[in-house]
Asker: 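Encoded as structure tokens, here's the structure I'll be asking about.
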Amino acid sequence: MPESVPSARMKPLARVFFARNPRRVARELLGKVLVRESAGSRLTARIVEVEAYLGEKDSAAHSAAGKTLRNAVLFGPPGYAYVYFIYGNHYCLNVSCEPEGRAGGVLFRALEPLTGIEAMAESRGVTLHNAKDWPRLTSGPGRLSEAFGITRARDNGRDLTSAESGLWIGDDGYRARRIVVGPRIGITKAAAMPLRYYLGRNLFVSGPRLRKG
DNA sequence: ATATCGATTATCT
DNA sequence: GATAATCGATATG
């Protein structure tokens, strides 16, 4: 179960938070809270795993080959949602980083659900039997997007620093412990770069890990 | 427990 | 026409 519930008066992170190097933003996003508010429902989940994607110098980044219609948000101002569709099946959520004009972003890879867990299960189309099933809700970029109802049509370009946007990132005072850095997952280019950040020993981190840490 | 594979489509070469 | 920042199912030890 959630070890804490974010306050109702938690506020979004400021835009300057995202106007920096994606590595720094990624590391500092660990422990923050992703919030989705719509039609009276409120989903919240703690960010426990992210990956940094650098600008045009990062061959694994969608921004590597320059600005296109798809990746335009990454070249725009910081703090906006870049949502892409992958493998004909899944959406993935990023937040744009760096000052406007420079590309860069952070991919959300795993969340620890805090509130609205039943709604997340419904969005994912799964039934929760015991706590062991919880990671299936939000562990993995495709899964967390589905749990939060994130699609490109609905959310690409959304301002993640505005509570009015209905999708934003807050700080509830939680401080990340045991931050681990390692190679990114699922890529073939620049695979060795240590740009994946996650909370060690957290059960919601994606991948074929279970116990230990 | 790890390994391999098929699904399915927007985007880019 | 090939590829992809994934997932869930199936196969095998």
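Below, chains carry the letters A, B, ... as their sequence lines are ordered, and counting in each starts from 1. Quick caveat, the model's predicted, so the values are computed rather than measured. All values below come from the heavy atoms of this structure, side chains included, with hydrogens, waters and symmetry mates left out.
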Asker: Once you round it to whole Å, what is the distance between C1' of C:dC7 and CG of A:Leu144?
Answerer: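 To the nearest whole Å, that distance equals 13 Å.
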Asker: Is it true that the side chains of A:Arg158 and A:Ser165 contain a donor and an acceptor less than 3.5 Å apart?
Answerer: no
Asker: Could you provide the dot-bracket string of DNA chain C, using ( ) for intrastrand pairs, [ ] for crossing pairs and | for bases paired to another strand, with Watson-Crick or G-U pairs below 3.5 Å?
Answerer: ||||.|||||||.
Asker: Checking A:Ala19 now: which residues fulfil side-chain contact (heavy atoms from CB on, under 4.5 Å) with it, not counting sequence neighbours?
Answerer: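 A:Ala19 satisfies side-chain contact (heavy atoms from CB on, under 4.5 Å) with A:Pro78 only.
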Asker: Starting at atom OH of A:Tyr197, determine the distance to atom P of C:dA5, rounded to an integer number of angstrom.
Answerer: 19 Å
Asker: What is the separation between atom CD1 on A:Ile150 and atom P on C:dC7, rounded to the nearest whole Å?
Answerer: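 Rounded to the whole Å, the gap is 13 Å.
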Asker: Indicate, yes or no, whether a donor-acceptor pair under 3.5 Å links the base of C:dA4 to the side chain of A:Tyr84.
Answerer: no
Asker: Quick one: which protein N/O atoms are closer than 3.5 Å to N/O atoms of nucleotides 10-13 of chain B? Pair and distance per line, please.
Answerer:
residue, atom, partner, partner atom, Å
B:dT11, OP1, A:Arg152, NE, 3.4
B:dC12, OP1, A:Thr68, OG1, 2.4

Asker: How close or far is atom P of C:dA5 from atom CE of A:Met193, stated in whole angstroms?
Answerer: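 Taking atom P of C:dA5 as the reference, CE of A:Met193 is at 15 Å.
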Asker: Counting any heavy atom closer than 4.0 Å, what does A:Ile187 reach on the DNA or RNA strands: base, sugar-phosphate only, or nothing?
Answerer: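 Sugar-phosphate: the residue A:Ile187, judged by heavy atoms under 4.0 Å, touches backbone atoms but no base.
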Asker: I want to check one thing: is the phosphate of C:dG8, taken as OP1 and OP2, less than 4.0 Å away from some side-chain N or O of A:Arg136?
Answerer: yes
Asker: Just to verify, which of A:Ile86, A:Val83, A:Ile150 counts as forming a side-chain contact (heavy atoms from CB on, under 4.5 Å) with A:Cys92?
Answerer: A:Ile86
Asker: Round to a whole Å and report the spacing from CG of A:Asp58 to P of C:dA5.
Answerer: 11 Å
Asker: Nearest to the side chain of A:Arg109, which nucleotide is it out of C:dA4, C:dA5, C:dG8?
Answerer: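 Nearest to the side chain of A:Arg109 among the choices is C:dA5.
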Asker: For A:Leu107 and C:dA4, what is the distance between atoms CG and P respectively, to the nearest whole Å?
Answerer: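 About 16 Å, once rounded to whole Å.
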Asker: Mapping A:Arg124 and A:Asn94 onto DNA chain C by nearest heavy atom, which one lands closer to the 5' end?
Answerer: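 Per heavy-atom nearest nucleotide, the more 5' residue is A:Asn94.
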Asker: Which is it for A:Asp133 and A:Arg124 under the salt bridge (Lys or Arg N to Asp or Glu O under 4.0 Å) test, yes or no, and what are the steps along the way?
Answerer: CA-CA 12 Å; A:Asp133 300 326; A:Arg124 290 272 297 120; over 6 Å; no
Asker: Using whole Å, what does the distance between atom P of nucleotide B:dC5 and atom OH of A:Tyr87 come to?
Answerer: 15 Å
Asker: I want to check one thing: is the phosphate of C:dA5, taken as OP1 and OP2, less than 4.0 Å away from some side-chain N or O of A:His62?
Answerer: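 Yes, A:His62 has a side-chain N/O under 4.0 Å of OP1/OP2 on C:dA5.
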Asker: Are the charged groups of A:Asp172 and A:Lys11 less than 4.0 angstrom apart, N to O?
Answerer: no
Asker: So if I apply the salt bridge (charged side-chain N to carboxylate O under 4.0 Å, His left out) rule between A:Glu49 and each of A:Arg109, A:Arg143, A:Arg184, which one comes out positive?
Answerer: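 Of A:Arg109, A:Arg143, A:Arg184, salt bridge (charged side-chain N to carboxylate O under 4.0 Å, His left out) with A:Glu49 is met by A:Arg109 alone.
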Asker: Give the intermediate values and the outcome of side-chain contact (heavy atoms from CB on, under 4.5 Å) for residues A:Leu107 and A:Leu93.
Answerer: CA-CA 6 Å; A:Leu107 169 69; A:Leu93 172 69; 6.0 Å; no
Asker: Can you measure A:Ile86 atom CD1 to B:dT9 atom P for me and round it to whole angstrom units?
Answerer: 14 Å
Asker: For A:Arg177, does the CZ atom sit with more than 12 other heavy atoms under 6.0 Å from it, leaving out its own atoms?
Answerer: no
Asker: Going by the angle between their ring planes, with limits at 30° and 60°, are A:His62 and A:Tyr82 parallel, tilted or perpendicular?
Answerer: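 Rings of A:His62 and A:Tyr82: perpendicular, as their planes differ by over 60°.
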